[in-house]
Amino acid sequence: MVFSSLLFTFAFLPVTVVLYYSLGKNFKNIVLLTASLFFYAWGEPVYVVLMCSSILMNYCIGRLIGEGDVSRQKKKLYLIISLVLNLGCLAYFKYFGMIISTISSIGGWNLNVSTPALPIGISFYTFQILSYVIDVYREKIKPQKSLILCAVYITMFPQLVAGPIVNYVDIESQLTDRRMTFNKFYSGMQRFLCGLAKKVLLANNIGLLWSEVKAMPSIEISVFMAWAGIIAFTLQIYFDFSGYSDMAIGLGKMFGFRFKENFQYPYISQSITEFWRRWHISLGSWFREYVYIPLDGSRVGKKKMIRNLFIVWFITGLWHGASWNFVLWGLYFGTLLLIEKLFLQKSMTGWPKAVRHVYLLLFVVIGWVFFEFTNLNDVLNFLRLMFGIGGNEFIDNQGIVKLKAYAFLYIVCIIATTPWPKKLVLLFEKTHSSFYRVAVNLYYCGLILMSTAYMVGSTFNPFIYFRF
Amino acid sequence: MRINNKKNCIFIQNMVCMLPFLFILAMFILHLVLPDKTFSIEEGRYLAQWPDFNIENVLNGSYVTRVESYFLDQFPFRNFWVEIYEGFNKIL
């Protein structure tokens, strides 16, 4: 099920909330687990079995590792078994097709093997499971004794299909003991509505511009149009994904959980390094915690540091999708980060702010070209269009007409990527505190009404992050 | 009496805060209560109906798709929402 569908917002959510709050304390986790399994089974009726068996297996391994006096070697063996099984599962379901097609294209064979369909959310929940097992092995946490709580952690529907990646250590205590207050529910609901509006009102609509540009024959795309299109995609992917994270964090809050932030205004960054501290934070910290640091991070010599950086960014790219363009995209950012780390870091502080910002945006926008086109030829083609190589017009009438139609949305989107609206609201709260409460409530009522109109009016729109 | 007034005041304030959620709940209840329509004159097409349960359809995912289109087609005051949507699109 998608959060931004009518069925989720107007049926699944109210039923779950009413059941959750009307049943006693002992039933809350059971309600959450049942709802989450139903939520997953709704889109993936068969793969729910896969997820359940994966939970059961890792629950057992967690207990084997963490309990009693098991020798160090045995613990290591259990950990390796768990890593092989979890990563093997991910590799089979997500990368099997890619491996086969790569082998066949290198060897020039024609391999016709049927590949399995991708279970939704497998990249996210596999990482959550790994964080649990590895932390038990490191003795950072005690193994979860209750199978139900272990399953609640993995399947909790707010973060099940598209993150943020929640580490077990962060919510261990909340699983058994969490406070549900009126204010928490209220602010969680507001957060959910913000995310919903980001997805339904901003991402979906600015995305239309990009799909129009993408559908045009490449001879007709002017340089101006190419930039307008890819910037629209830049905005779309941000609102899509950060909107989804907002909805997840909000829903979690409505049920009494606290998830960490996943996005912190990435497009206002001043360097690529800062960008990756603000974009998809939970993934970045997962890789730091479970890949980069175990490889000894940057404390080793320069050569090893470079190697580690490339390993991490190779996997980060690959994690985003089973296609080589994602690897290229990861390595592109890895290289940029390395250049910043080795050469630019000191001199950059002297650059004017505007220059740093333009530098960041330029490289991020180019990065999205690698991300969006799965075919390498298409990537090169589009980059050529963007930089006017190939003799297309610089600007044409069609581009101006299109941009005029989207001008308002463009401006709203750009403003919404900055922290300024929030700052203005806080200022307003200070100066007009009595009027503020009414205005805020009216604002959220407006958001839900408009989102509903857009959800009913536009055809069913699936979430683009699903293919990862 | 005074305490009662204060309590009432807080209750009303909380209710106001909850308006979006109450709206969601109300829509859901209306959805259940209002009778399903079979034909839309405005669009000139038959609207999706609640699908019959069939284990094969559940497993291949078509049941889910049909429930979703049922929910979309039978949403309370559907025409009203579509009108608002089109109104916004015209302005912007």
Side-chain angles (χ1 to χ4, degrees), chain A residues 1-2 5-15 17-18 41-47 117 182-183 185-190 192-193 196 200-201 205 208 254 405-410 412 437-438 440-460 462, chain B residues 9-32 40 42-43 47-48 50 53-92:
Chain A
M1 221 182 296
V2 200
S5 70
L6 287 173
L7 192 66
F8 177 83
T9 316
F10 289 96
F12 182 86
L13 184 62
V15 171
V17 166
V18 168
W42 188 257
E44 305 273 312
V46 181
Y47 282 149
F182 178 82
N183 279 335
F185 184 86
Y186 172 55
S187 71
M189 184 187 66
Q190 290 187 336
F192 174 76
L193 293 177
L196 186 66
V200 175
L201 302 179
N205 288 315
L208 293 177
M254 287 165 82
Y406 282 96
F408 179 73
L409 192 61
Y410 238 112
V412 171
R437 286 189 69 123
V438 183
V440 160
N441 285 320
L442 278 178
Y443 171 72
Y444 283 104
C445 289
L447 276 191
I448 181 76
L449 294 179
M450 261 182 90
S451 304
T452 311
Y454 269 84
M455 278 193 280
V456 179
S458 56
T459 44
F460 185 70
Chain B
C9 189
I10 291 175
F11 179 75
I12 290 170
Q13 267 188 7
N14 287 351
M15 274 297 151
V16 172
C17 292
M18 279 299 163
L19 272 178
F21 187 73
L22 293 176
F23 166 75
I24 289 174
L25 207 58
M27 279 307 193
F28 177 60
I29 293 168
L30 278 176
H31 208 302
L32 294 179
S40 158
E42 290 80 4
E43 292 164 273
L47 298 173
W50 184 257
F53 188 83
N54 171 335
I55 198 77
E56 212 171 281
N57 288 345
V58 173
L59 290 180
N60 68 24
S62 71
Y63 185 74
V64 165
T65 327
R66 275 192 242 166
V67 172
E68 267 159 11
S69 47
Y70 162 80
F71 209 81
L72 196 67
D73 276 4
Q74 304 289 351
F75 198 74
F77 319 120
R78 183 160 181 274
N79 292 333
F80 166 75
W81 294 113
V82 173
E83 261 171 47
I84 294 187
Y85 168 73
E86 279 166 359
F88 273 128
N89 273 351
K90 255 178 217 156
I91 298 167
L92 300 182

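Worth saying up front: this structure is predicted, and the values here are computed from it rather than measured. Residue numbering restarts at 1 for every chain, and letters A, B, ... go by the order of the sequence lines.
To the nearest 0.5 Å, atoms CZ (B:Phe71) and CZ (A:Phe10) are separated by 8.0 Å.
The two residues B:Leu72 and A:Met455 have their closest heavy-atom pair at CD1-O, 3.9 Å. Nearest heavy-atom pair, B:Val82 versus A:Gly457, reported as atom, atom and distance to 0.1 Å: CG2-CA, 4.4 Å.
Of the two parts of A:Leu7, the backbone and the side chain both hold a non-hydrogen atom closer than 4.5 Å to a non-hydrogen atom of chain B. Using a 4.5 Å cut-off between heavy atoms, B:Phe21 contacts chain A through both its backbone and its side chain.
Contacts of A:Val15 classified as side-chain contact (heavy atoms from CB on, under 4.5 Å), with partners at least two apart in sequence or in another chain: A:Leu19, B:Phe28.
The most heavy-atom pairs under 4.5 Å with chain B, out of A:Asn205, A:Thr9, A:Val46, come from A:Thr9.
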Show me the donor-acceptor pairs, under 3.5 Å and distance only, between side chains in residues 445-452 of chain A and residues at least two apart or in other chains.
| from | atom 1 | to | atom 2 | distance (Å) |
| --- | --- | --- | --- | --- |
| A:Ser451 | OG | A:Leu447 | O | 2.7 |
| A:Thr452 | OG1 | A:Ile448 | O | 2.5 |

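The shortest side-chain heavy-atom distance between B:Cys17 and A:Phe182 falls under the 4.5 Å cut-off.
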Quick one: do A:Val17 and B:Ile24 satisfy side chain to side chain contact (heavy atoms under 4.5 Å, CB included)? Show the steps, please.
CA-CA 11 Å; A:Val17 166; B:Ile24 289 174; over 6 Å; no

